[in-house]
Every structure is written in C-alpha cells, then in structure tokens.
There are 2 protein chains.
Amino acid sequence: MAKKSTEPTSANAAAARQVPMRDFSRSLPMSLLRAREAVMRQFRPSLREHGLTEQQWRILRALAAIEAAEVTELARTAFLLGPSLSRILRDLEARNLIERKTAKADQRRSMVSISKEGVKLMASVAPSSEAIYAEITQRFGARKLAELQEMLGELEQSLAGLGAGDEASAEE
Amino acid sequence: MAKKSTEPTSANAAAARQVPMRDFSRSLPMSLLRAREAVMRQFRPSLREHGLTEQQWRILRALAAIEAAEVTELARTAFLLGPSLSRILRDLEARNLIERKTAKADQRRSMVSISKEGVKLMASVAPSSEAIYAEITQRFGARKLAELQEMLGELEQSLAGLGAGDEASAEE
DNA sequence: GGGAGTTACTTAACATGTTAAGTGAATGCG
DNA sequence: CGCATTCACTTAACATGTTAAGTAACTCCC
C-alpha cells in the first residue's frame, strides 16, 4: 500500500456504501417530507400575503372549530408542541387575533379563543385556501386523495404506542 | 339580542364556524404531518443516542450514496434548503464527519464528501435504523408501504410545477 | 395542614425552516 | 477589456421544532 492519501474522498464513499442501507431517496420519511412540502408550497404564498404562517393558520382554524380550549388541548388539536404553541399564542394575542383568560377553577389553565379580528382574518384567507385545496384535489383525484388519507391514518395507527419511550410491552 | 357581551368568546367561535372550511384535522397537510411525525418519532431516539439529528443523518446518507457532491446538489438530494445545509455542513465539518474542498475549475463550488469518521458513525447507526424501518414495514405491511410510497410520489408529481411562482403557464 | 409529587404552562437553549440580503467568482456581451 | 448579470454559496433575521429546566398552581396523603 504505497499511496496513502491520494483520494480519501472516494475511498470513504465506497466504504460508506458497504453499510447496508435502503436507497435514501426512497425512504418513507423522505417520501412523506417531499409530499408534504409539495402540498405546503401551494399554500404558503397565500398565507404569507395575509401575514400568517402555516402554524398560526392551524391554530386559528383549530380555535374556530371549538368554542375555547386550554393550551394543552389546543396543542393536541393543532399538532404543535407546547413550547411552539406558547410562543405563537403570545404573538397572536399581541396581534389581537386571539383572546385568553385564566380559568376560574384552576389558575394554571388558560382558556384560549379566537377574537373578532381573528374571525375576520380567517374569512379573508379561507377562500383562496379552499381554492388551492380544490385545485390539489382535482389534480390528484378526489378518490385517490381519500385513499391516501386513509392510508396515512392507518400508518399513524399502526405506529401508535410504539417507542413511546417507557411503557412496558403489554404486561404489568 | 339583549345581551351584548356575555360570552364574546363563544360568539366569535360561532362566527368563525360560518367560514366555510374543511374539517381541520382531516386536511391533507395535517395527515401528512401526523404520519411523518409518527414515523420520525421512531427514529429520533436512536439518532439522538448517536448525537445526530434527522437532517444530519440525511446528509451523511446522501453523501454515502455519491462519491462527492457540490453543496447545491447535496441540498437537492437531502431535500434541505441552502441555508440549512450551509449551517449543518459547518457543524459536520467541525466534527470531522465530512470533508470539503473547493473545486479547482470553479472557485465558487465546494465539493463535499464523507470522512472516515463519518463512515464509522454511519456504520454504528445503520443497524438500529434498519431494525426500526423493518419494524415499521412489518407493522404497516410491506405491500401497503409500497402502495403508500407510490401514491406519495404521484401526489408530488401532480403538484410539480404548480405555484412555483413565476413560470408562465405553458407557452413561451 | 403541610410538604412531596403532579400538572399546566412558560422559558431557555440549540437546531432547523424560510425568506431576503450579502459576497466572491464566473459569464456574457458590447 | 469592462461591467452588468448570473451563479454558488453564506449570513442574517425571524419563526418553529425539539428537549430540558423552570414556575406557579393544584392534589394527595400522612
């Protein structure tokens, strides 16, 4: 072995390919990520025009669907982690898009609800949002879309309660 | 209409529900997000034990599959935006997991490749990663998984070149 | 009723997503 | 050649994701 460092680069890559591994670009996480990005790319410009991020929009929609909610419940509904929600609620409150008041019975809890301005903003965004969704549905096909959502739900179900960290297997 | 501000909260939520809108929790973006999160939740602990984030792992895998790549190409492969990749490469280089050298022909380009240490790290992570993937495949079903990936790819395709911003429809 | 434990949330710290601006190197064209 | 434009990448700024720690309010049980 005379030459030691002629092309370490290629040698390393070759060695790396010996590590058994699926084709990277076809992994399930990547497929899901790309699909979601393809979808969100359609919505972001419209939301942006109205000064909303994807997550802020999720929160407003979630609040519109329920009278009022505790922060924890809202986090579950909008599928956000507590810390993210905490920050976003602070901003949305400062913009008067939501209202909050601490629950009487339990001072720890705070009830969050959408404000009149929040409703107005939703009403101004909803049309284009719906139009985009309709376009996506048309392009992909309504039936296939329903099938896809069904499969995604099943995937979620089949992984529920796996690797949640510390729950015993099934006994106990 | 005597009482005006007894429960403005409920009134706003009621008004909001007049805004025509699909059921929030069943929207495609949410379905995709939840499915992806259910999947990634399985992988994160293992990656974390090895000191890697999901994105760092994506980059290492992408580099293992190709001899060396320019940053832009790598961004496309690992599905990361330029700025994110730029930061991550800086960190991975500091940890000696990758190597980079500027191309001779074009000083703007830099070629990135995996290092010997990077290969070792990959080899140490791959087994558990593969085991997790196998578990997911088994739970969900290999056939259904293939179907799902097929549909996700079709979805991505059907949205390609829609709302990319400024390309003319089809002419010119 | 008082202190340990729990709960609901918030802060903090670090990493990435997202968009815009910056920088230096190549290209093209008059 | 000279200079505007484009290109490849990096920095910057702000928002969220992710985990850990902090804080105040509530529960429980001795």
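It should be emphasised that the depicted structure is a prediction, and the values quoted were computed from it without experimental measurement. Labels below follow one simple rule: chain letters A, B, ... track the order of the sequence lines, proteins then strands, and each chain is numbered from 1.
Between the side chains of T102(B) and Q107(B), not a single donor N or O lies within less than 3.5 Å of an accepting N or O. No donor-acceptor contact under 3.5 angstrom links the side chains of E99(A) and S115(A), judged on distance only.
At dA24(D), none of the side-chain N or O atoms of R108(A) fall inside 4.0 Å of OP1 or OP2 (strictly under the cut-off).
Remark: side-chain polar atoms of S84(A) are not paired, donor with acceptor, to backbone N or O of L80(A) under 3.5 angstrom. For the pair R58(B) (side chain) and F79(B) (backbone), a donor-acceptor distance under 3.5 Å is present. Of the possible donor and acceptor atoms, none in the side chain of S129(A) sits under 3.5 Å from a partner among the backbone N and O of V125(A).
Within residues 69-91 of chain B, the residues having any heavy atom closer than 4.0 Å to DNA chain C are, in order of number, L80(B), L81(B), P83(B), S84(B), R87(B), I88(B).
Residue S124(B) comes nearest to L121(B) through the heavy atom pair OG-O, 2.8 Å, listed as atom of the first residue, atom of the second, then distance.
Here I98(B) contributes atom CD1 and L63(B) contributes atom CG; the two are 7.0 Å apart, rounded to the nearest 0.5 Å. Interatomic distance, CG of L145(B) versus CD1 of I136(B), reported as 8.5 Å (0.5 Å rounding).
Using five terminal pairs a side, the axes of the helix from dG1(C)-dC30(D) to dG30(C)-dC1(D) at its two ends make an angle of 0°, given in steps of 10 degrees.
Closest-nucleotide positions on DNA chain C for E37(A) and R109(A) were compared, and the one nearer the 5' end corresponds to R109(A).
Side-chain contact between Q42(A) and Y133(A): absent, with no pair of heavy atoms (C-beta onward) separated by less than 4.5 Å. With a 4.5 Å cut-off on side-chain heavy atoms, I114(A) and M122(A) count as touching.
Nucleic acid contact class of A103(A) (heavy atoms, under 4.0 Å, all strands): none.
Contacts between chain A and DNA chain C, taken as any atom within less than 4.0 angstrom of a protein heavy atom, begin and end at dT7(C) to dA20(C).
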